[in-house]
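Heads up: the structure comes next, in structure tokens.
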Amino acid sequence: MPSIAPTGVRSERTAMSLIRVDRPEAGIAVLTLDRPERLNALSFELVDDLHAALDEVGADNTVRVVVLTGAGRGFCSGLDLRAIGPSSVSAGLRPPAGGMRSQAHIADLGPHLRRIPQPVIAAINGPAFGGGLALACACDIRIASRSARMCVQFVKVGVGGCDIGISYTLPRLIGGSRAHELILTAREFDAAEAERIGLVARVVEDGGVLDAALETARTLLSYSPFGVTMTKEVMWANLDAPSFDNALHLENRTQILASTSGDVLEAAKAFAEKRSPSWGG
């Protein structure tokens, strides 16, 4: 299977990348966290490799949708407590500077998922704890297997309950009241509850979550590339819109910009001719 070569300090270890990158069909890239023996726990090496993979697919204009999942029986079990140590970005720095630099490097995974132009679908195939849940919450769509379990576990390991963006993303996905309870109690919850509270879009039978994510990806591929990219951008931007009017102003400008691409005319022509649209780049 093809893999992304990490950049920077790990460039000499391309064969050992902890992120597997597959392109199962045109327009789709699947990023798989590949430490199954550790339930894909976040080591600094995996963090480096995930940043590198996101840089690569984000710059690849042939990729229009990204799926994020985990190898084996789990999505991501959070920070690997057995692998805490200096990171690739903290060399030569003493505490607290080194720790802050490493913390920021991990925490930037959430914004990185948001920054790439492609929508990202999380295929949650098992435990998504701590940083794993934070990664899923930073994706644009979440689909879970029936046996998936989730937990905002940070407070359980002696640190604050808010990490890797969870205090920002989770309240916006499920509301402040539920988010406070899940973050403060760090209790586990199952896929059924995640669907009930709106954290995941759907729950599928075990073994079928990647297929379900690919099905959703194909739906997105059937729409205008520019329209899908702008939808992701506007949705994230308007989560922070200071007012209804501000949100409308951004929507209005985006719609007029999108209308200049020719995709609206192609959609109308395809409708009249009873065929699927043929989108440009």
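One is the number of the first residue; the rest follow in order along the sequence.
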From CA spacing to verdict: side-chain contact (heavy atoms from CB on, under 4.5 Å), Asp140, Ile121: CA-CA 6 Å; Asp140 301 286; Ile121 303 168; over 6 Å; no
NZ/NE/NH1/NH2 to OD/OE distance under 4.0 Å, [X] and [Y]:
X: Asp49; Y: Arg35; result: no
X: Glu181; Y: Arg187; result: yes
X: Asp190; Y: Arg146; result: no
X: Asp108; Y: Arg115; result: yes

Distance-only, no hydrogens or angles: does the [X] side chain make a donor-acceptor pair with backbone N or O of [Y] under 3.5 Å?
X: Asn125; Y: Gly72; result: yes
X: Gln118; Y: Val57; result: yes
X: Arg196; Y: Ala192; result: no
X: Ser261; Y: Asp263; result: yes
X: Asp22; Y: Pro24; result: no
X: Arg101; Y: Ser90; result: no
X: Lys269; Y: Pro277; result: no
X: Ser43; Y: Leu46; result: yes

To the nearest 0.5 Å, tell me how far [X] [atom1] sits from [Y] [atom2].
X: Leu68; Y: Leu33; atom1: CG; atom2: CG; answer: 5.0 Å
X: Leu79; Y: Leu42; atom1: CG; atom2: CG; answer: 6.5 Å
X: Ile124; Y: Ser147; atom1: CD1; atom2: OG; answer: 11.5 Å
X: Leu210; Y: Leu214; atom1: CG; atom2: CG; answer: 4.5 Å
X: Phe154; Y: Ile183; atom1: CZ; atom2: CD1; answer: 9.0 Å
X: Asn40; Y: Arg73; atom1: CG; atom2: CZ; answer: 10.0 Å

For Asp240, side-chain hydrogen bond (donor to acceptor under 3.5 Å, both in side chains) partners two or more places apart: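 Listed in chain order: Tyr168, Arg172.
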Partners meeting side-chain hydrogen bond (donor to acceptor under 3.5 Å, both in side chains) with Glu266 (sequence neighbours left out):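 Counting only residues at least two positions away or on another chain, Glu266 forms a side-chain hydrogen bond (donor to acceptor under 3.5 Å, both in side chains) with Arg275.
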Stepwise side-chain contact (heavy atoms from CB on, under 4.5 Å) test for Met100 and Leu93: CA-CA 10 Å; Met100 286 295 293; Leu93 297 177; over 6 Å; no
Residue pairs fulfilling ring-ring contact (aromatic ring centres under 6.0 Å, His included) with at least one residue in residues 72-129, sequence neighbours excluded: His51-His105, His51-His112
Heavy-atom pair of closest approach, residues Ser145 and Val209: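 Answer, listing the atom of Ser145 first, then Val209: N-CG2, 3.9 Å.
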Closest approach of Cys137 to Ile166 (non-hydrogen atoms, all atoms of both residues): SG-CD1, 3.8 Å
Under 3.5 Å side-chain donor-acceptor pair for Asp163 and Gln103: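 A donor-acceptor contact under 3.5 Å links the two side chains.
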Residue pair Asp34 / Thr32, side-chain donor-acceptor N/O under 3.5 Å: no
Single-linkage hydrophobic cluster [X]~[Y], side-chain heavy atoms < 4.5 angstrom:
X: Tyr223; Y: Leu257; value: no
X: Leu109; Y: Met150; value: yes
X: Leu135; Y: Phe44; value: yes

Derivation of the side-chain contact (heavy atoms from CB on, under 4.5 Å) call for Leu31 and Leu54: CA-CA 9 Å; Leu31 275 56; Leu54 290 171; 3.8 Å; yes
Steps toward side-chain contact (heavy atoms from CB on, under 4.5 Å) verdict (Leu221, Thr219): CA-CA 5 Å; Leu221 288 177; Thr219 297; over 6 Å; no
